[in-house]
Each structure stands twice: as structure tokens, then as C-alpha cells.
Amino acid sequence: GKEESAKTAGKEKGLEKVTLMLDWYPNAVHSFLFAAEEKGYFKEQGLDVQIEMPADTNDPLRLVAAGKIDMAMSYQPEVLVARGEDIPVQSFAAIVRHPLNQVMVPEDGPIQSPKDLVGKTVGYPSIPLDEAIINTMVKAAGGDAQKVKMVDVGWDLIPAMATKKTDALIGGYINHEKLLLDKEGHPMRTLNPAEYGVPDYYELVMVGSEKGLKEKPEVFKKFVAAMTKGQEYVAEHPEEGLSILLKHEEKSSPLEKDIETKSLDILLPLMDAKDKPFGYQDPQTWDKVASWLKETKVINQKVNAEDAFVNVK
Amino acid sequence: MRGAIGLSDTLMLSIHDLTYAFQGNRPIFQKINLTVNPGEFVSVIGSSGSGKSTLFKLITGLLEPDQGKIGINGDFSGGRLGKVGYMPQKDLLLPWRPVLDNVLLPLEVRGKKGNLAEAREWLSRFGLSDYENAFPDELSGGMRQRAAFLRTMMTGKDLLLLDEPFGALDALTKRKMHSWLLGLWEDLQKTVLFITHDLEEAILLSDRIYLIGDGNVQEWKVNLPRPRNSEQIYQPAFIELRKELERLIHHEN
Amino acid sequence: MRGAIGLSDTLMLSIHDLTYAFQGNRPIFQKINLTVNPGEFVSVIGSSGSGKSTLFKLITGLLEPDQGKIGINGDFSGGRLGKVGYMPQKDLLLPWRPVLDNVLLPLEVRGKKGNLAEAREWLSRFGLSDYENAFPDELSGGMRQRAAFLRTMMTGKDLLLLDEPFGALDALTKRKMHSWLLGLWEDLQKTVLFITHDLEEAILLSDRIYLIGDGNVQEWKVNLPRPRNSEQIYQPAFIELRKELERLIHHEN
Amino acid sequence: MKTKWKKWTADYGLFFLAVICLISIWEWIVLAGAVPAFILPSPTAIWGSLVENRELLFGEHLPATLLEVLIGFGFSLAGGLLFGIGMHFSRSLEKILYPFLVISQTVPLIAISPIFILWFGYTIWSKVAVTFLIAFFPIVVSTYDGLKAGGNEYRELLRTMGANRWMIFKKIQVPMALPSILSGLKMAVVYSVTGATIGEWLGASEGLGYFSRRMSGNLQADSVFAAIFLLSLMGICLFLVISFIEKRLLKNVMRGR
Amino acid sequence: MKTKWKKWTADYGLFFLAVICLISIWEWIVLAGAVPAFILPSPTAIWGSLVENRELLFGEHLPATLLEVLIGFGFSLAGGLLFGIGMHFSRSLEKILYPFLVISQTVPLIAISPIFILWFGYTIWSKVAVTFLIAFFPIVVSTYDGLKAGGNEYRELLRTMGANRWMIFKKIQVPMALPSILSGLKMAVVYSVTGATIGEWLGASEGLGYFSRRMSGNLQADSVFAAIFLLSLMGICLFLVISFIEKRLLKNVMRGR
Ligand SMILES: Nc1ncnc2c1ncn2[C@@H]1O[C@H](COP(=O)(O)OP(=O)(O)OP(=O)(O)O)[C@@H](O)[C@H]1O
Ligand SMILES: Nc1ncnc2c1ncn2[C@@H]1O[C@H](COP(=O)(O)OP(=O)(O)OP(=O)(O)O)[C@@H](O)[C@H]1O
Ligand SMILES: [Mg+2]
Ligand SMILES: [Mg+2]
């Protein structure tokens with residue numbers, strides 16, 4: 001029903017159709033998108049945005065590159081990895097400007113610093129990037145990274161921690177997994193990679209294909225303008241912003257209000273670009289992240305950080 | 001007589017120098033010759049395992065001869081499948097079809113709509129009218145064989161190969177079938193090749209008898225005038241014939 | 001005579017006032033009585049569909065009577081399954097077993113190791129020694145029936161129920177089996193209840209004959225002295241008996 | 001009347017007893033805290049979520065999934081029978097197809113999910129395609145194997161009647177293959193439910209699979225299990241439908257076997 | 001000698017022709033850019049990755065997955081036969097078990113994966129459990145249906161010989177059910193590969209499923225497809241093994257059917 005009405009609406013008013021694939025299912029971090037849609041900011045810009053959900057966190061990048069969808073949400077390091085594999089994508093806006101993916105350990109446990117991970121098991125979803133983060137953090141804290149035991153926990157991060165199959169966890173978000181674990185009675189302490197030698201990277205970025213960005217820059221410009229207005233609205237009225245999201249999701253799969261509220265509380269400061277406009281990307285950050293990924297051999301040497309992003313104005 | 005009932009003079013079945021062996025076994029037939037005239041009733045007898053059923057499978061075209069030729073109605077060339085009516089030794093009624101549908105099978109196979117009234121008429125002549133909707137597993141052995149015989153009749157072919165059609169019939173029904181066949185079969189304009197173990201039956205019904213054994217065939221003419229009737233079996237002449245045939249068989253082996 | 005060969009005087013089989021009907025059909029038997037003494041050879045004849053095979057299924061215990069009692073060896077109480085040797089009308093050889101294994105089946109079922117040498121000896125007596133490793137679908141109809149008969153022998157039971165054991169045998173083999181049975185069977189100390197369609201066979205082999213028809217049975221004593229031999233069928237006295245029996249059957253129907 | 005009731009009790013009484021026992025034990029285990037409720041919620045919690053989300057579940061997600069299942073099963077049935085019969089008739093086709101069939105089953109769907117999206121987009125057809133991919137395999141195998149199984153003597157008889165391959169196929173082989181085919185269909189209809197669920201994970205905006213995945217991400221185990229309950233119920237009902245058809249169709253075919 | 005070669009060509013020639021055609025078309029499509037190489041890599045790229053990673057793939061991941069598949073299939077075989085036979089012998093057991101069987105197939109694995117982790121941890125047993133869950137269903141259904149199919153008259157004959165249920169089962173029903181059971185086994189062995197792959201996604205440190213997921217996370221489509229290639233090859237080989245056993249076992253059983 002929803003899709004159809006959007007389509008017919010698009011036809012009626014001669015709006016430009018744009019498909020956007022989220023990084024994961026809709027949650028608090030996407031409030032600005034739903035606000036922009038609900039408040040008509042997209043329409044104002046002549047856009048009809050259709051929002052899709054991916055099967056797998058890697059799908060959005062590939063489908064954008066293949067031209068199947070126009071834009072996607074992904075992760076800064078992932079964009080660089082993709083470019084290393086000759087997947088022609090570029091980031092055009094930074095959404096969450098700091099790592100959400102942090103190491104979690106039980107609050108009442110003995111682990112205080114990455115150094116204490118030595119000899120312990122760390123659960124992770126088998127992504128090389130997570131390995132690199134742990135390595136860098138342990139090394140920066142003065143431990144022997146070789147002696148950390150990494151255990152692949154598949155797609156079930158929470159049960160791995162909650163049932164004490166591992167001592168620590170990487171791959172979970174402070175605005176989701178941590179909140180859920182807290183709620184289930186497993187309070188977690190978090191160790192921020194940015195404090196232990198990992199560059200302060202952008203967790204979530206907006207991605208388009210090189211071709212799309214070159215051929216239709218105005219569409220992306222309009223989109224950024226609309227999403228900026230959406231984010232402004234959410235920042236000013238967090239409660240209303242959230243309720244737009246909740247109401248939207250109510251129709252298919254209701255979200256838990258208290259979790260999402262806390263999540264948005266955590267997110268809003270991390271999304272704030274301060275004196276720069278929302279979505280602005282700092283070339284220096286891209287450079288640092290790229291060199292760190294090269295150092296840790298997550299990506300090969302030929303990746304060029306400047307080509308990986310554009311700031312659409 | 002044949003001319004009178006409208007049958008041509010071409011041989012209905014002719015087998016020339018037929019040789020056949022199952023893979024890896026010694027030959028069952030070695031250069032045998034056998035003919036059947038139109039309108040004739042010919043019996044085949046022989047000890048168990050001598051190859052009677054195999055001969056029938058060769059004639060129907062289910063098996064191909066290693067050497068020699070088999071001709072139906074003078075035609076030696078083409079395939080023989082579908083040219084004769086064949087009643088196998090096992091009844092092979094389809095277990096999932098009621099009797100009536102089993103009997104109509106040959107018509108179905110040729111894509112014809114079965115004439116229900118006619119089929120019912122035949123069923124009652126075969127003493128099966130109460131069972132047209134019964135399934136084969138609800139029939140007695142004799143009923144099954146009658147149904148299989150009727151199915152062969154329904155193929156409408158001129159040459160019928162019957163592999164022990166009356167083997168499982170009780171004495172009375174068998175006698176009735178004999179009388180029925182004798183009384184009716186010239187009207188039917190059928191030619192019959194008939195396997196039996198019952199010497200009496202063979203003599204009573206046949207114009208000629210082929211004895212199969214050790215890869216050879218031997219012909220034996222039945223010198224009894226037609227029309228015959230089933231009471232004849234008690235006549236001394238008949239008993240004499242039977243003794244003679246029995247002696248011949250003993251001698252063969 | 002019976003005492004001499006060590007058989008007791010209890011009735012081997014006794015059937016009292018047996019009534020049976022297949023569900024929804026009219027009764028096949030109505031209060032019939034039937035007895036078989038130890039060492040006796042009794043034939044059962046009757047038209048097709050009269051219930052001969054059904055009677056056997058009742059005796060073996062595959063079916064239970066609606067009314068009346070059936071006793072094996074004086075025992076009316078317990079189940080009858082496994083108490084008699086039964087040869088069904090269809091051969092029912094297991095298609096995936098070679099002949100030898102089929103014949104050894106009754107021993108296997110009772111958990112005994114088969115005596116191979118003995119089984120082979122029997123196979124050769126039945127003319128099957130060349131086929132012990134052949135599969136049923138490689139046998140002729142007559143061979144299959146012999147194998148099934150042998151399988152029944154191997155049950156080792158005193159009372160054998162044979163449903164047309166010689167039905168598919170050729171004249172010669174049948175004659176041999178008759179001679180063999182007549183010459184040997186008193187030594188075997190077996191009691192036989194025997195279904196056949198062949199009146200000659202029934203007279204030649206039996207002490208008594210039961211005629212089944214219309215839900216009733218009728219007993220007929222064979223007044224021929226033993227030992228008998230298969231040449232007797234041509235004797236006038238025998239032919240007279242046969243005619244008499246035939247008249248009785250006709251009268252029945 | 002009374003005997004019917006008795007038969008029913010004999011047939012299903014034990015099942016319901018088992019279910020009640022199981023549910024009680026389950027409830028007790030969760031209440032006692034032996035298994036965390038966010039991993040395995042208690043039956044009462046599941047029931048609660050079912051009632052709470054009834055409009056969403058029954059009004060939107062259940063019909064969506066059922067539609068995918070039915071269309072997917074329909075295609076599987078047609079495709080499976082076609083392939084099975086084709087492979088039976090043509091030895092070359094069999095040699096060509098069988099490896100691809102096996103490949104189609106061993107390729108992890110999640111790895112090729114972008115291909116599905118690329119080809120079918122976010123329409124119902126991507127879900128139908130996944131359902132087809134999963135459900136048609138048992139139908140092909142059981143049709144092919146069923147047709148192989150049999151009736152040599154009957155076939156010969158029909159050949160002597162002048163029957164062509166098609167006639168023999170229709171009159172002998174199909175009836176003899178039916179038990180095997182229906183056995184395959186029973187599996188396939190269950191797999192169709194699985195297929196639709198997986199298909200919804202690859203990209204959907206409605207359906208019980210979508211709902212359960214969303215709720216699973218939110219750690220709302222009771223809602224996840226409410227959806228699973230409905231999926232299972234759907235599977236059982238469809239299975240029973242095929243079983244019923246099986247009973248009707250095989251009534252005569254199973255005679256004398 | 002010559003006829004053997006001829007037979008082989010007739011049997012597999014077409015298959016190889018089809019494969020070569022398909023691979024050529026595939027290569028051409030990717031080279032022409034009709035499908036991006038990061039979604040569907042070209043056959044040569046897959047081959048390259050296979051050669052490049054050969055030590056890892058053949059030395060570590062393939063044996064790991066194969067072990068899981070074999071253990072899982074072993075359990076499925078034992079469990080499937082046991083359940084199938086049990087259900088055949090006991091009507092109550094059938095009524096109790098069948099619904100649970102169907103439930104076990106319709107429950108989305110992703111939703112209950114935490115339970116597996118809870119019970120089995122990250123050991124090989126969690127993968128074996130998933131494999132079992134997926135592969136035992138076709139074995140149960142085909143065993144149960146196969147045992148139902150038949151041999152009434154043979155059974156009666158054995159009963160008159162005084163055979164008990166067990167004897168009849170062993171001597172008549174097992175041989176008659178074999179074709180159906182083997183049909184189920186062929187499906188099950190293929191599903192075992194799928195099961196092990198999915199099991200590895202729940203958390204593993206080796207195996208082709210693990211490798212493919214990891215490479216997918218790294219956006220290395222060619223390596224993903226190299227692993228898939230090996231998984232399919234494993235499925236086909238195991239399938240052929242069962243087919244071969246089937247041929248041997250059924251040689252006599254199929255007589256006269
Ligand atoms: N399962 C069954 N259900 C219903 N009726 C049956 C069933 N089996 C046999 N009948 C019927 O019972 C009657 C007796 O059958 P039975 O097989 O005992 O005959 P028979 O005397 O052995 O005949 P034949 O000499 O032809 O073998 C027949 O009319 C048959 O149709
Ligand atoms: N498929 C087969 N493979 C090998 N040998 C076979 C096959 N079919 C039959 N035979 C053999 O061929 C011979 C002749 O068999 P056939 O069935 O023709 O005999 P028959 O004369 O009809 O006997 P009966 O009167 O007992 O029916 C037998 O020795 C039999 O073992
Ligand atoms: Mg024969
Ligand atoms: Mg009978």
C-alpha cells in the first residue's frame with residue numbers, strides 16, 4: 001500500500017524518483033529521513049524518495065554501484081574497502097561522525113582497558129575491520145594483540161555476550177546493542193576505539209555511485225538539502241522527530257519507544273557537525289582513516305582517500 | 001470355409017527360422033518355423049520353462065528375434081507392437097482401476113471412447129457384471145483371469161495370443177468357456193494362438209497343436225471334425241487322441 | 001494306517017458353523033462345517049469366486065470368522081497365524097530375492113539358519129536346481145509356482161494349505177508332481193488341504209473332496225484304494241468317478 | 001458419533017497432551033530463569049504478543065506471506081513436475097539438469113541476494129523466486145525417482161496394445177509415481193513457507209519473515225516467536241491440505257501394493 | 001572400450017557442452033559489463049581466486065565443512081530413519097511427531113540461532129545441529145511414506161508363516177521402502193551442505209560458509225563464489241555417492257516393479 005501511494009503521488013506531481021537503501025532496518029538514526037519525508041522536505045526539492053531495507057549490510061554498496069538503487073547508507077571504512085575492490089562508490093555526506101561500534105565488556109567485570117583483553121576472548125561478526133580495531137586498540141594500550149582470542153559469533157551479537165560465551169564484544173553499537181543488553185540486565189562498559197589509536201572515523205555515511213554523482217549532482221544536492229532540513233527538525237524537536245519514525249514503523253513492525261529515545265539521545269550529539277553544515281566531510285578524516293586501513297592491511301595501497309568522497313553543496 | 005467367413009488366404013502369422021536366447025543363456029529357440037492361418041485355432045504346449053511365454057513376447061514385438069523373421073498378416077517389415085491382442089500369463093490388471101476401466105484400457109490406449117454398453121454386455125457374458133466397479137484385489141483368481149481375457153478381446157485385433165487364459169478357471173466355468181468359444185468363435189472371425197497345460201482343452205479347441213521343447217517345435221494335427229462340443233471329452237475317440245498326445249510328449253522329453 | 005505313521009487321532013483341522021462375509025457383501029459361508037483328519041489329503045473345489053481362497057485365509061488366521069470356530073490340531077483358542085503352511089494363489093515370490101533365498105524365507109522368519117544342503121536337494125527335486133540364483137522375473141510361470149510350493153514345504157508345518165499349486169504346471173510336470181506326491185506323501189507325514197480346478201487331479205490325489213458353492217459345502221468321498229498311480233486316470237472306473245463328480249457340480253449350480 | 005469422538009481422541013489426544021506438557025515445561029523453564037526470556041520467551045508472552053499485534057499480524061503480514069507461499073509453491077509444482085518429467089523422458093536432459101539442480105540447492109542464498117534484487121527488485125517476484133528455488137527441488141527429485149519406480153510388466157502390456165510413450169506415461173507411470181510425488185509435495189509445501197520467509201529477509205516491507213527479522217533485531221523475542229508461531233501454523237495447515245489430497249488420490253493407487 | 005567411450009560421451013557430452021556454453025555466456029556477460037563483477041564475478045576471476053586461495057580453501061576450510069556435513073548427515077540419517085520407523089510403527093507417535101517436524105522446518109533459523117548458541121556454543125556441534133535440523137526432515141518423510149507404500153499381500157504371506165512385526169518390517173517393508181528412502185537421502189545429503197553453511201554463519205572460525213561470509217563482508221565477490229563453487233562441488237559429489245549406492249542397492253529391489 002505504502003509503496004503504491006508513493007508511486008502514484010510521484011507521477012501526479014512529476015517528482016523525481018529516488019531510491020535509498022538503509023544500512024539496516026529503520027531506527028532512531030534514520031529519524032531525519034522519515035522527518036524529511038513526513039514534513040514534505042523531499043517533495044519541496046522535487047524528490048520522491050523510496051526507502052528500502054537491505055538483506056545484508058554489504059548489499060547497499062554493491063547495489064548502488066550496480067545502479068540498482070540511487071543512494072545508500074554505509075560505513076566510512078566500508079566505502080574505502082569497496083573502492084579497494086574496484087566498486088565505484090563515493091560518500092557524499094557524513095551522518096554519524098564518530099564510531100558507534102565500540103568494544104563492550106561487562107560493567108562488573110575485570111576489563112578496564114584494551115590491555116586487559118589479552119588472554120580473553122572477543123566476539124566479533126567476522127569482519128576484518130573489527131579485527132583491525134581490536135589490534136590497534138590493544139597495541140595502543142600496550143598489550144600484545146596476538147594474545148587476544150577472536151571468536152566469530154555470526155549475526156547474533158547479543159546472545160554471545162548475554163550468555164557469557166565471550167568476555168568482550170566488538171561489532172555492536174552503543175546506541176543499540178548496548179542499550180538492549182542494559183535493558184536485559186547485562187550492563188556494559190564501552191571502550192571507544194577513537195581513544196585507543198583508531199582514527200575517529202564516520203560511522204555512517206551517505207553513498208552514491210561515481211556515475212550517479214557525476215551525472216546527476218543536482219539530485220544529490222537536493223537530497224542533502226532536504227535531509228539537512230530533516231535533521232534540523234529532529235535536532236530541534238527530538239520527541240516529534242522520533243514519533244514520526246515510530247508512527248511510520250507502527251504500520252509494519254513497531255519499535256520500542258524507550259530504546260529509540262535513548263538511542264536518539266546518544267546519536268544527536270554524534271551527528272552534529274558543529275560549525276560545518278550537516279553532512280560535511282573533512283578530507284583530513286578520510287585521509288587518516290585510509291592510512292590507518294592501509295597500515296592494518298584491511299585495504300590495499302592503491303586506494304586514494306580524496307576520490308572516496310565528495311561534499312555536495 | 002475360411003473364404004466363406006471372409007478371411008483372406010495370407011498367413012495370419014508366420015515365423016521363419018526363429019532363433020532366440022536370453023543374454024548369456026543357451027538359446028531357447030533354434031531356427032523354429034511356425035505358421036497360423038487366418039481363422040485357425042492353434043495351441044502351443046510344452047513343459048514349464050520351454051519358452052512358450054517367450055515365444056509370445058517375440059510375436060507381440062516385446063522381444064526381437066536374434067535371427068529369423070516374424071510376420072503378422074504377411075507383413076515382415078514393420079514393428080509388431082500393437083498388431084495383435086496379447087493376454088499375459090499374469091493377469092496384470094491395473095490394481096488402481098475397477099474392472100470396467102481395466103477392460104476399457106485397450107480402447108483408451110488407442111484414443112477411442114469406449115462403448116460402455118458393449119463393454120457391459122461382454123462383462124455379463126464373462127460373468128463379471130456384478131463386479132464392474134470392484135477393484136482387482138477384491139476379485140477371486142478366476143475372475144481376474146476372466147477380466148484379463150476380456151481386456152484382450154477388447155483390443156479388437158484379429159490375432160489373439162492367449163497365455164493360459166483358462167488356467168485359473170474352475171472346471172465348470174472352464175467348461176462353459178469352452179462351449180462358449182466353440183459355439184461362437186467362428187463368428188468372431190478371430191485367429192487364436194493359445195498356450196495351455198490342459199491336453200484335453202488343447203485337443204478340444206484346436207485345429208493344430210505345436211509342441212515346444214528343447215528349442216524345437218513339432219506340429220500335431222487334431223483330426224476331430226468341427227463343430228465340436230465339450231461333451232466329446234468322454235468319448236473313446238477323444239480319450240485315444242489324448243493318450244496319443246501324452247505319449248508324444250513323453251517321447252519328446 | 002495313521003497310527004502306524006505316528007499321527008494322533010485329534011482332528012488336524014476342524015471348522016464349526018463358520019460364517020463369514022466381506023464387509024457390506026452377502027455372506028460367502030453360512031454355518032459351514034469341515035474337518036480334516038491327520039494324514040488325510042482333502043481337496044476343495046468350487047466355482048470361481050465361491051470362496052475357496054477366502055476359506056484358506058480364514059484357516060491361516062489372516063481373516064477372523066464372523067461366527068463359528070476354527071481349530072488347528074484341536075486348539076480352538078489361540079491365534080492360528082504361523083500354525084499351518086500356506087501357499088497363496090499368486091506365487092508372491094519376493095521379486096528382489098533369488099529363488100534360493102525365497103525358498104529359505106520361512107526358516108529365516110522363524111529365526112533359523114537354513115540348511116542349505118537340504119534346500120538345494122529340494123530345489124533339484126522340484127527341477128529348479130539350475131535356477132537357485134535366478135530372480136523370480138527370470139522364471140517361467142510354472143517355475144515360479146514350483147518355487148512357491150517348495151517355500152510352503154519349507155515351513156515344516158504338518159498341515160499344508162495349497163491354493164492351486166499345480167495350476168500353472170504343464171501336463172508333464174503336473175503328472176510328475178502327482179506321481180511324486182502319491183509316492184512320497186505318506187512318508188512326509190503331512191496333512192494337505194488342496195484347492196484345484198482339475199477334477200481329475202482332485203480325484204487322483206484326495207481321500208475326500210469338499211464342494212463349495214452358494215455358502216455351503218458338500219462332502220464327497222473318493223472310493224479309490226491307495227496306493228494310487230497317475231496312470232489310473234485312463235481307467236474306466238476313474239472316468240466314471242469323474243463323470244459322477246462333474247454331474248454333482250452341475251447339479252449344485 | 002461416539003466412536004468418531006473416540007477415534008479423534010485416540011488420534012489427537014496424545015498430541016494435545018504432549019503439546020500441553022511441552023508448553024507447561026517451557027513456561028516453567030523460562031519463569032525459573034533457566035533460559036533468558038529474550039532468547040526463548042515464555043508461551044504466555046508469545047501469546048500476549050500475538051494478541052497485541054493481532055491486527056498487524058493477521059491483517060497485513062500473514063496474507064502477504066501466504067500469497068508469496070502459494071504463488072511460489074504453484075511455480076515449484078509446475079516447474080518441479082516439468083523438470084522431473086523432462087528428465088525422465090530425456091537422458092541427456094537428466095545429465096544436464098541434475099548437476100544444476102544440486103548447485104541450486106548448495107549455493108547460499110544470502111551470498112547471491114544482490115543478484116535476486118538486481119533481477120527481481122523489491123517486488124513479490126524476488127520472494128517467489130526464492131520460494132521456487134527452495135521448494136522445487138524435492139518435487140523434481142521425487143517426481144523423477146517416482147517415475148523410475150516401476151511397472152515394467154504393465155508397461156510391456158501397454159506396449160503390446162500399441163501404446164506410445166505418452167500413453168504409457170499417463171496410464172501406468174503417473175499412477176505409480178503418485179505416492180512418491182505426493183511425498184515430495186508434502187516437503188515442498190513446508191519448504192515454501194521457509195522460502196517465503198527467507199525471501200522476505202532479502203528485501204521486503206511486509207510479511208511474517210520481515211516482521212520476525214525486524215523484531216529479532218530489536219530483541220523482542222516474544223513478537224519474533226509470535227510470527228514464528230503463525231509461520232509454523234501456516235506450514236502445518238498447508239501440509240495437512242496436501243496430506244488430505246494425498247489420501248484421496250492414493251486411495252485406489254495404493255491398492256494391491 | 002570404444003562403446004564405453006561412446007556411452008560416456010552420450011551421457012555427459014551434452015552436460016559438458018552445456019557447462020561450457022554457460023560459462024562462456026557468463027564470462028561474456030560480465031566482460032560486457034551487463035552485470036557488475038562485484039555482484040557476479042566472471043568465471044575466470046572465480047578460478048583465479050580459487051587458485052590463489054587454494055591452500056586455505058582446500059587445506060582448511062573444505063575439510064572443516066566436509067566434517068560438519070558428514071557428521072550432520074550421519075545424525076540426520078540415524079535420526080531420520082529412527083523417527084520415520086517409529087512413526088510407522090506407532091500411530092500415536094506419528095500424531096505427536098508430525099506437527100513438530102513441520103514446525104522444525106518452518107521456524108526461521110535466524111530467529112532461533114541464539115538458542116543454538118546457548119546450547120552448543122561455538123563448537124562444531126552448533127553446525128551439526130543446524131545441519132541435522134535441515135537434513136533430517138526429507139529422510140523422515142520419505143522413510144515414513146516409503147514404509148507405508150506397500151506389499152500388503154507379501155505381508156499377509158509372512159504373517160501366515162508366523163512372522164512378527166519386526167520380521168515383516170525387515171524382510172518386506174524395508175526392501176520395498178528403499179527406493180523412497182534413497183530418494184530422501186539424496187535430498188538430505190544436498191541439504192546437509194546447505195545446513196553446514198548456515199551453521200557456520202551462526203559463528204565459526206573455519207569452513208567454506210565462514211570463508212564466504214567473511215569475504216562477502218570484505219566485498220570480494222570472486223572469493224565468495226570460489227567458496228560457493230566448492231560447496232556446490234561437494235554437494236554434487238555427495239549426491240553422486242548416494243546415487244551410486246542407490247543404484248547398487250536398488251538393483252534387485254527394483255526387479256518386477
Ligand atoms: N478384499 C475383498 N473385498 C471384498 N470382496 C472380496 C475380497 N476378496 C474376495 N472377495 C470376494 O469374495 C468372493 C470369494 O473370493 P475367493 O478369492 O475366495 O474365490 P475363489 O473361490 O478362491 O475363486 P477362484 O477359484 O477364482 O480363485 C469373490 O466374490 C470375491 O469377489
Ligand atoms: N528376463 C529373463 N532373463 C533370463 N531368462 C529368462 C527371462 N525370462 C524367462 N527366462 C527363461 O526363459 C525360459 C523360458 O521361459 P518362459 O516364460 O517362456 O517359459 P514357459 O514355456 O512360458 O513356461 P511356463 O509354462 O512355466 O509358463 C525359462 O528357462 C526362463 O528361466
Ligand atoms: Mg509361461
Ligand atoms: Mg482363489
Side-chain angles (χ1 to χ4, degrees), chain B residues 22 25 28 45-54 88-91 127-128 130-131 134 137-146 163-164 166-177 195-202 212-213 231 233-234 236 239-240 242-243 245-246 249-250 252-253, chain C residues 22 25 28 45-54 88-91 127-128 130-131 134 137-146 163-164 166-177 195-202 212-213 231 233-234 236 239-240 242-243 245-246 249-250 252-253:
Chain B
F22 279 105
N25 295 42
I28 293 181
I45 60 181
S47 62
S48 174
S50 58
K52 302 181 296 294
S53 299
T54 306
Q89 193 163 0
K90 286 192 192 179
D91 58 65
L128 291 169
D130 290 349
Y131 294 92
D137 66 343
E138 295 171 347
L139 297 184
S140 74
M143 292 167 172
R144 295 172 66 111
Q145 213 153 355
R146 272 179 275 163
D163 200 341
E164 305 198 30
F166 304 148
L169 298 189
D170 65 291
L172 190 68
T173 313
K174 202 177 201 171
R175 186 61 42 85
K176 278 189 201 153
M177 294 297 291
I195 294 178
T196 180
H197 288 130
D198 186 334
L199 300 187
E200 249 176 39
E201 184 176 82
I212 297 200
E231 292 305 304
I233 56 168
Y234 295 114
I239 293 176
E240 212 38 60
R242 186 178 158 189
K243 272 191 192 169
L245 183 58
E246 198 146 348
I249 295 174
H250 268 281
E252 265 283 285
N253 283 260
Chain C
F22 280 106
N25 295 42
I28 293 182
I45 60 181
S47 61
S48 175
S50 58
K52 303 181 294 294
S53 299
T54 307
Q89 193 164 0
K90 285 191 193 179
D91 59 66
L128 292 168
D130 290 348
Y131 295 91
D137 65 344
E138 295 171 347
L139 298 185
S140 74
M143 291 167 173
R144 294 172 66 112
Q145 212 152 357
R146 274 180 273 163
D163 200 341
E164 303 197 31
F166 304 148
L169 298 190
D170 65 290
L172 189 69
T173 314
K174 202 176 200 171
R175 185 59 43 84
K176 277 190 201 155
M177 291 297 290
I195 293 179
T196 181
H197 288 130
D198 186 336
L199 301 188
E200 250 176 39
E201 185 177 84
I212 297 201
E231 293 304 303
I233 55 166
Y234 296 113
I239 293 175
E240 213 37 62
R242 185 176 160 192
K243 274 191 191 165
L245 182 58
E246 200 148 344
I249 295 174
H250 269 281
E252 265 284 284
N253 284 262

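Residue numbers start from 1 in every chain, and the chains themselves are labelled A, B, ... in the order their sequence lines are given, proteins ahead of strands.
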Less than 4.5 Å apart, any side-chain heavy atom of B/I249 and any of C/R175?
no

Please check this pair: side chain of B/S50 against backbone of B/G213, looking for a donor-acceptor N/O pair closer than 3.5 Å.
no

Which value, rounded to the nearest 0.5 Å, describes the distance between C/I45 atom CD1 and C/I195 atom CD1?
11.5 Å

Between C/Q145 and chain B, which part of the residue has a heavy atom less than 4.5 Å away: side chain, backbone, both or neither?
neither

CG of C/D163 to CG of C/D91, rounded to nearest 0.5 Å, is 12.0 Å

Region of B/E200 in contact with chain C, defined by heavy-atom distances below 4.5 Å
side chain

In terms of heavy-atom pairs under 4.5 Å, which option from C/S53, C/G51, C/G46 contacts chain B the most?
C/G46

Select one option (side chain, backbone, both, neither) describing which atoms of C/K243 are under 4.5 Å from chain B's heavy atoms.
both

Separation of B/Y234 OH from C/E240 CD (nearest 0.5 Å):
9.5 Å

Return the CZ to CG distance between C/F166 and C/D198, rounded to the nearest 0.5 Å.
10.5 Å

Proximal component of C/L245, with respect to chain B [non-hydrogen, under 4.5 Å]
neither

Select one option (side chain, backbone, both, neither) describing which atoms of B/S48 are under 4.5 Å from chain C's heavy atoms.
both

Under a 4.5 Å heavy-atom cutoff, which of C/K174, C/K52, C/R144 has the most pairs with chain B?
C/R144

